[in-house]
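As the structure lists them, so they are numbered: ligands from 1, and atoms in each ligand from 1.
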Amino acid sequence: MTHKILLLAGDGIGPEIVSATETVLTALVERFGFKCEFERALMGGCAIDAHGDSLPEATLALARAADAILLGAVGGPKWDKVERAIRPERGLLRLRAELDLFCNLRPAALFPALADASTLKPEVVSGLDLMIIRELTSGIYFGQPRGIEVLADGVRRGFNTLEYRDHEIERIARQGFEIARKRSGRLCSVDKSNVLEVTELWREIVQGLAGEYPDVELEHLYVDNAAMQLVRAPKQFDVIVTTNMFGDILSDLAAMLTGSIGMLPSASLNGQGKGLFEPVHGSAPDIAGMELANPLATILSAAMMLRYTLAEADLADKVERAVARVLADGARTADIAGTASSTVSTGEMTKAVVAALD
Ligand code: NAD
């Protein structure tokens with residue numbers, strides 16, 4: 001079967017890191033019989049420049065037709081002043097909403113060769129490999145009513161609504177159980193059910209599903225304790241499933257345990273397993289076009305695409321092993337150089353990964 005992959009290079013370093021990843025995927029085609037065809041479309045600031053909209057209809061149509069979407073990054077100072085409704089970030093939010101990408105996977109794995117990059121002690125983080133699953137299309141970031149109003153007495157009141165419907169909780173919880181089942185069989189659901197009724201419902205529904213997954217060991221933690229435990233002893237976790245806002249915060253915290261933003265991939269999936277895959281970092285306008293960008297977060301995002309959407313787990317393993325190998329051999333882009341005496345460019349790192357594919 002030929003997989004249709006839509007490439008959205010975006011802005012800043014986006015074109016460099018997506019092109020690097022295309023090179024790796026093309027090597028899989030040439031050497032291991034991977035079948036795919038690439039489409040390309042504009043999204044973000046480049047789409048505003050060309051079409052006056054960060055997510056043009058043509059891009060959305062291609063995204064709907066694709067099996068999987070690989071995104072570089074969007075945004076940059078050039079578009080910071082454009083009308084809010086068409087800003088690059090809005091295009092990304094719209095794309096997630098239009099494709100109903102409710103399940104955000106944010107792995108935080110520490111490559112042994114980069115143990116020194118973390119601010120935590122090596123013995124606390126070495127071997128760390130956890131997956132945070134964040135609900136992405138509901139919760140307090142989307143709840144209505146929301147706003148800032150002036151009350152009769154002149155006092156201003158800001159308000160947002162945290163709400164979850166039972167089916168929204170159930171579908172993200174199921175993803176948690178399914179993914180835990182494919183990993184070590186441990187799932188931690190994070191809520192604040194001692195204070196928030198919404199997450200009381202969350203806990204009740206997650207608990208209710210546990211009987212269907214007897215092979216998964218389920219625990220519940222309050223979000224404040226989860227934050228503490230992630231810093232104290234992160235290796236106790238394997239898979240964490242949580243709400244949109246808690247996941248936003250905890251996934252950034254977990255990401256930093258690994259030390260480098262240039263290494264972190266992510267996936268956003270819908271109910272049919274279709275997904276948008278992108279590095280966690282932004283468009284890094286400060287280094288755009290300088291061959292300094294670390295392409296590994298995007299290459300690892302493509303590995304997630306192979307694993308979670310295209311059912312090509314063997315190829316995903318190959319890409320992840322190749323990345324581990326080049327790091328073990330000492331290749332470092334500037335962002336992960338630490339005390340290394342020399343660094344490689346975006347192109348050199350990409351070449352090394354291609355050469356290390358077994
Ligand atoms: P950023 O992640 O782009 O950059 C933060 C720092 O990390 C910079 O010093 C940058 O050079 C460095 N960095 C990031 N990725 C790197 C890589 N692959 N290799 C080497 N160094 C890397 O965050 P920012 O500066 O806050 O944002 C820049 C722009 O990106 C903004 O317009 C922001 O809105 C946008 N942004 C987009 C996304 C997205 O597309 N999903 C996410 C975050 C930020």
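- Protein heavy atoms come within 4.0 Å of atom 32 (O) of ligand 1.
- If you check which protein heavy atom lies closest to atom 12 (C) of ligand 1, you get Ala284 CB, 4.4 Å.
- Protein heavy atom closest to atom 41 (N) of ligand 1, with residue, atom name and distance, is Glu278 OE1, 3.3 Å.
- Taking every heavy atom of Ile287 and a limit of under 4.0 angstrom, the matching atoms of ligand 1 come to 11 (O), 20 (C), 21 (N).
- Nearest protein neighbour of atom 25 (O) of ligand 1, counting heavy atoms only, is Pro285 CD, 4.7 Å.
- Using modelled atom types, no side-chain atom of Thr333 and backbone atom of Asn294 make a donor-acceptor pair closer than 3.5 Å.
- The distance from atom CZ of Phe38 to atom CG of Leu70, rounded to the nearest 0.5 Å, is 8.5 Å.
- Looking at Leu92 against ligand 1, only its side chain comes within 4.0 Å, counting heavy atoms.
- Within a 4.0 Å radius of atom 29 (C) of ligand 1, the protein contributes one or more non-hydrogen atoms.
- What sits closest to atom 34 (O) of ligand 1 on the protein, heavy atoms only, is Glu89 OE2, 2.8 Å.
- Both the backbone and the side chain of Asn294 come within contact range of ligand 1, each with a heavy atom under 4.0 Å.
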- Task: Using the side-chain hydrogen bond (donor to acceptor under 3.5 Å, both in side chains) rule, take Asp248 and Tyr141 through it: C-alpha gap first, then chi angles, then the decisive distance, then the call.
- Result: CA-CA 10 Å; Asp248 187 6; Tyr141 294 168; 2.8 Å; yes
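- The protein heavy atom nearest to atom 35 (C) of ligand 1 is Val74 O, 3.3 Å.
- Ligand 1 places these atoms under 4.0 Å from at least one heavy atom of Ile13: 17 (C), 18 (N).
- Less than 4.0 angstrom separates some heavy atom of Ala293 from each of these atoms of ligand 1: 19 (N).
- Shown are Trp202, Phe142, Phe102; of these, the ring pair (Phe, Tyr, Trp, His ring centres under 6.0 Å) with Tyr164 is made only by Trp202.
- When non-hydrogen atoms are compared, ligand 1 lies under 4.0 Å from neither the backbone nor the side chain of Thr298.
- Arg183 has a carboxylate O that lies under 4.0 Å from a charged side-chain N of Asp129, or vice versa, which qualifies the two as a salt bridge.
- In terms of N/O distances under 3.5 Å, ligand 1 is not approached by Asp80.
- Compare Pro295, Gly282, Gly14, Ala334 by their heavy atoms: the one nearest to atom 2 (O) of ligand 1 is in Gly282.
- Contact check on Glu163 versus Arg165 returns a salt bridge, with a Lys/Arg side-chain nitrogen under 4.0 Å from an Asp/Glu carboxylate oxygen.
- Those atoms of ligand 1 with a heavy atom of Gly76 less than 4.0 angstrom away are 32 (O).
- You'll find the side chain of Leu130 stays beyond 4.5 Å of the side chain of Val239, heavy atoms only.
- The Ala73 neighbourhood of ligand 1 comprises atoms 40 (O), with distances under 4.0 Å to a heavy atom of that residue.
- Residue contacts with ligand 1 for Pro279 are absent, since no atom lies close enough (heavy atoms, distance under 4.0 Å).
- Under a 4.0 Å N-O distance rule, the pair Glu149/Arg157 qualifies as a salt bridge.
- Atoms CD and NZ, on Glu197 and Lys192 in that order, are 13.0 Å from each other to the nearest 0.5 Å.
- From the protein, the heavy atom lying nearest to atom 15 (N) of ligand 1 is His281 CG, 3.2 Å.
- Note on Glu170 versus Arg174: salt bridge recorded, some NZ/NE/NH1/NH2 to OD/OE distance being below 4.0 Å.
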- Task: Run the numbers on Val319 and Leu28 for side-chain contact (heavy atoms from CB on, under 4.5 Å), then give the verdict.
- Result: CA-CA 9 Å; Val319 173; Leu28 297 181; 4.0 Å; yes
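- Classification of Lys78 and Asp11 as a salt-bridged pair fails, no side-chain N sitting under 4.0 Å from a carboxylate O.
- A salt bridge links Arg40 with Glu22: at least one charged nitrogen is closer than 4.0 Å to a carboxylate oxygen.
- Remark: atom 8 (C) of ligand 1 lies closer than 4.0 Å to at least one protein heavy atom.
- Under a 4.0 Å criterion applied to the non-hydrogen atoms of Gly75, ligand 1 contributes the atoms 32 (O).
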